[in-house]
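What follows is a single structure, written as C-alpha cells, with notes after it.
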Amino acid sequence: MGKYEGEQIKKLMQRAERVGTLGSPSSTGTLSVEILETAVSKKLVGEMILFNFIQDSKEHFGLGQINEVILKNKWLEDPTMRALARRRGNVNQVSGMQDTHRADVMVSAVFGLGEKGFEPSVLGTVPPTGTMLHLVNDEILDLLLNRYKNEIFYLGRIYGSETKLPMWFKHFGTGPAGAGEAYHIGVFGRTGSGKSVLAKMITLAYARHADMGIFILDPQGEFALGLGDGAPGIKSMGNVLCKPVLRKLGREAVVYDIENILLQDWYLFTHFLKEFGFFSDLGIKYEDYQEIAADYLEDFLRDSGTVSFQNLSEETLLPVLDYLYRVAEKIYAGKAGYDRVRSNVDELKQKMEEGTFSRTQRTWNTVIRFFKWSSGKKTPAQIINDHVLTPEKKPVVVIDLSKKAEGVSEISWNESIKPLIIGTFLGALVREAENHYKEGKSLNTLVVIDEAHRFVPSGRLENRNSESVRRTLIDAVRTTRKYGLGWMFISQTLSSLDREIVEQLRISFFGFGLSMGSELRSLTEIIGGSQSAMNLYQSFRDPHSSFDLESRQYSFMTVGPVSPLSFAGTPLFFNAFNDVGEFLRANNLEIY
C-alpha cells in the first residue's frame, strides 16, 4: 500500500507546478528557496509547497507555507551602481537581468512513507540544495491525508491559493477522532474581520461529533440568529449555524432566553432586586448599603419558613418589608439612614393596605417573574442536565441574553444582570465536569463565549458580579481541560483579554485588525517571534475595503494543533469561505 501511494504522489508532483529549488543557507527550522525564473511573476505569498527527500533511507514529503518573497540584486547594492540607477532609472544588463527572488519557508508538516501509507514524521535533516519544490493542490493533499479523510473539515482556502486548507477538530473524549482532553480556543479580530462567522463554522465542525456537548453563552444574540423559532434558514455565511445544517449533522438546537430560564437562587434574587432599583426605592441610595441590604435579605430568605420560590407573589412582599424594617439599624449606623428606610417601608405598607399600587410593588412583581416556575421554563442545572449530560445526541444549546428584561437599565443589564446569569451557568458546568472526572468520565463539552473581552478583561473589574465571572473563567481554564470541558473565547481584542486566559489557549485564530501597539506585541509573542509570519499577517487587507460583498476576503492566521499540515505548531494562513454554498460543498453539508 505504501509503495503504491508513493508512486501516486510522485505522479501528482510531476504534474504540479514547480516554483523553486532549495537554496543555501537552509536549516531544519527554515528553508531558503530560490524562486525559478518561470515563477517570479506568480503570486506566491501564502502558497503551500511540497518537496520530496530521503531521511533514514525512507521517502519523506515536507510541506511549508511561503510567508515572504525577497528580491535581491547584488550589483545594485554597490554604491556606484546604485547612484547610476538613481540617475538613469535603470542600468542595462543589471536592472531586472541580475535580479534573484528568494523565499523563506517554515516547514509545517512532514510525512514519511511507511508500509501503511503516509505517517507523521519530522524534519530531522536538511534536504540537498537543488531539491525541487512544487505547489500543493487539492489532489496532493487528499492523497497525503487519505487516512484522516473522515476527520478533515474545511474553513477556507490556503492564503493566496485555490487549494483548501484541511483542518481537524477533535472531540475532547477518547476513542476515534478524540483528543483525549479538552482544548481551549481563541478567535480574535476587529469588528468586521469575520471572527463570528469563523466561530460558527468551528462550532459546526465540533457538532459533527454526536456525543459532544456544545454550550453557547451568547450575550449579543449573534449565535441565536439562525437557531431561534422563525429563523430565516441559511441565506448567507452570517447564519451558517442554522437548524437545517445542524440537522444534516444529526443535531438539533435549543435556544433559551431570559423568559424561559428559571432562576432559583436567593443570591440572584436579591441582586436582581438591587439592580432593578428595589432597595433604592426604599431609600437605600448608595450601592455599598444596597449590597449590605441584599446580603441580609439573602440570609433571611434562605432560612425563612415564610417565603420560598414556590410561593413568591405580591403577598410575600410583606414579610420582606417587615424584615428590612427590623434590620435597618444593621444596614445604617446613623439614625437618619435607618429612620428614612423605616419611614419608606411604613409608607409602602400603608399604600398596600389601601390598595394603591406603587413602583416598588411593580419592581417586586417584575423580579419574581424570573424566579417563579411556569411551563417551559428550566433552571440552569436542568438545562445542562437535559441537553449536555443525558442525551445520546446532544443538541447545540444557546443561552441568548441579548433580550433586555423590562424594568432595568441597559447598563445594569450588561454589567450586572448578564454576569449574574452567566456566572450561574459557568458554576453549574464546572461542577458537573468535576463530578464526571471523579467518576472517571469526560464531560466532552465545548463552551463558546462571545464578547469574551467583556467578561475576562486583563484587569480586575469593579463590579462584584462581573469580577466573580472573571475569576470563575480564569480558574476554569486552569483546571477543566482534564475534565473534558473546553472553552472557546471570541474577542475583538487580544491584549485586553486576561493574560492567563491567552496563555492557556491551545488553538488560536487571528483575523484582521491586531497589528498595532500592544495587540501586535502580544500576537508576535504568541507565534514565537517569527518576523516573516508577522509580515504576512500585517499584509491582511481590511475585508471592508473590497468593492463589493462577494470580493471580501476574510484572512486568518492560526496556531496550534488544528491542522494535519502543522505538526510543528507553525502558523498557517488561510482565507475563510465567503460563499455559503462553497463551505457546505467542501464539507459535504449540502442541503437539498
Side-chain angles (χ1 to χ4, degrees), residues 108-111 118-122 144-155 165-187 198-216 249-251 388-389 392-394 396-397 429-430 432-449 452 473 476-490 500-510 526 556 558-572 574 587:
S108 60
V110 175
F111 293 88
F118 297 108
E119 300 173 342
S121 184
V122 296
L144 276 174
L145 304 174
N146 184 57
R147 294 175 61 183
Y148 313 103
K149 62 183 178 181
N150 293 329
E151 300 178 36
I152 297 300
F153 197 86
Y154 297 102
L155 301 180
L165 178 63
M167 295 188 175
W168 49 18
F169 296 88
K170 300 174 181 291
H171 66 79
F172 301 154
T174 56
E181 65 174 10
Y183 288 160
H184 303 324
I185 304 162
V187 182
L198 187 78
K200 291 176 184 180
M201 290 194 281
I202 294 170
T203 301
L204 286 171
Y206 280 113
R208 294 177 305 156
H209 307 296
D211 59 346
M212 185 174 184
I214 298 176
F215 201 91
I216 302 172
L249 293 168
R251 302 288 285 259
V388 176
L389 304 182
E392 290 185 10
K393 290 188 176 181
K394 299 176 173 65
V396 173
V397 183
L429 284 164
V430 172
E432 289 297 343
E434 188 173 4
N435 291 337
H436 270 59
Y437 180 72
K438 290 177 179 177
E439 296 171 3
K441 296 182 291 186
S442 167
L443 191 63
N444 197 8
T445 296
L446 174 69
V447 182
V448 180
I449 302 180
L473 284 170
V477 297
R478 295 174 185 153
T479 58
T480 63
R481 189 170 57 247
K482 62 184 179 183
Y483 301 161
L485 180 61
W487 308 85
M488 180 158 72
F489 299 95
I490 306 166
E500 189 152 0
I501 296 287
V502 175
E503 289 175 350
Q504 294 287 343
L505 297 178
R506 192 74 175 87
I507 298 170
S508 297
F509 297 86
F510 305 100
I526 288 171
F556 287 88
T558 181
V559 293
V562 72
S563 172
L565 302 187
S566 183
F567 297 153
T570 53
L572 291 177
F574 68 97
N587 295 294

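Model, not experiment: these values are computed from the prediction.
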[atom1]/[X] to [atom2]/[Y] distance, rounded to the nearest 0.5 angstrom?
{"X": "I202", "Y": "M488", "atom1": "CD1", "atom2": "CE", "result": "5.5 Å"}
{"X": "F509", "Y": "M201", "atom1": "CZ", "atom2": "CE", "result": "9.5 Å"}
{"X": "S563", "Y": "L145", "atom1": "OG", "atom2": "CG", "result": "7.5 Å"}
{"X": "R208", "Y": "N150", "atom1": "CZ", "atom2": "CG", "result": "9.0 Å"}
{"X": "L446", "Y": "I185", "atom1": "CG", "atom2": "CD1", "result": "5.5 Å"}
{"X": "E181", "Y": "R506", "atom1": "CD", "atom2": "CZ", "result": "7.5 Å"}

*side-chain contact (heavy atoms from CB on, under 4.5 Å) between L165 and L155: does it pass, once the steps are laid out?*
CA-CA 7 Å; L165 178 63; L155 301 180; over 6 Å; no

Check: [Y] and [X] side chains under 4.5 Å, non-hydrogen atoms:
{"X": "P564", "Y": "L144", "value": "no"}
{"X": "Y483", "Y": "E434", "value": "yes"}
{"X": "I507", "Y": "V559", "value": "no"}
{"X": "I490", "Y": "I449", "value": "no"}
{"X": "Y154", "Y": "P166", "value": "yes"}
{"X": "L249", "Y": "L204", "value": "yes"}
{"X": "T558", "Y": "M167", "value": "yes"}

Backbone N/O of [Y] and side chain of [X]: donor-acceptor pair under 3.5 Å:
{"X": "S108", "Y": "L565", "answer": "yes"}
{"X": "T480", "Y": "L485", "answer": "yes"}
{"X": "K394", "Y": "D211", "answer": "yes"}
{"X": "T445", "Y": "L443", "answer": "yes"}
{"X": "H209", "Y": "A177", "answer": "no"}
{"X": "N444", "Y": "G484", "answer": "no"}
{"X": "R481", "Y": "A182", "answer": "no"}

*Test V187 against F489 for side-chain contact (heavy atoms from CB on, under 4.5 Å), laying out the working first.*
CA-CA 6 Å; V187 182; F489 299 95; over 6 Å; no

*Is it true that Y148 and W168 have ring centroids separated by less than 6.0 Å?*
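Yes, they do, as the ring centres are separated by less than 6.0 Å.
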
*Does F169 have its ring centroid less than 6.0 Å away from the ring centroid of Y206?*
yes

Which atom names give the shortest non-hydrogen contact between [X] and [Y], and what distance separates them?
{"X": "L389", "Y": "H436", "value": "CD2-CE1, 3.6 Å"}
{"X": "A109", "Y": "S566", "value": "CB-N, 4.1 Å"}
{"X": "W487", "Y": "V430", "value": "CZ2-CG2, 4.2 Å"}

*Excluding sequence neighbours, so at least two apart, what forms ring-ring contact (aromatic ring centres under 6.0 Å, His included) with Y183?*
none

_Would you call the rings of F574 and F556 parallel, tilted or perpendicular, taking 30° and 60° as the class edges?_
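Plane angle under 30°, so parallel.
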
*asked:* With side-chain contact (heavy atoms from CB on, under 4.5 Å) as the criterion, how do I214 and T203 come out once you've worked through the C-alpha distance, each side chain's angles and the decisive distance to 0.1 Å?
replied: CA-CA 8 Å; I214 298 176; T203 301; 3.8 Å; yes

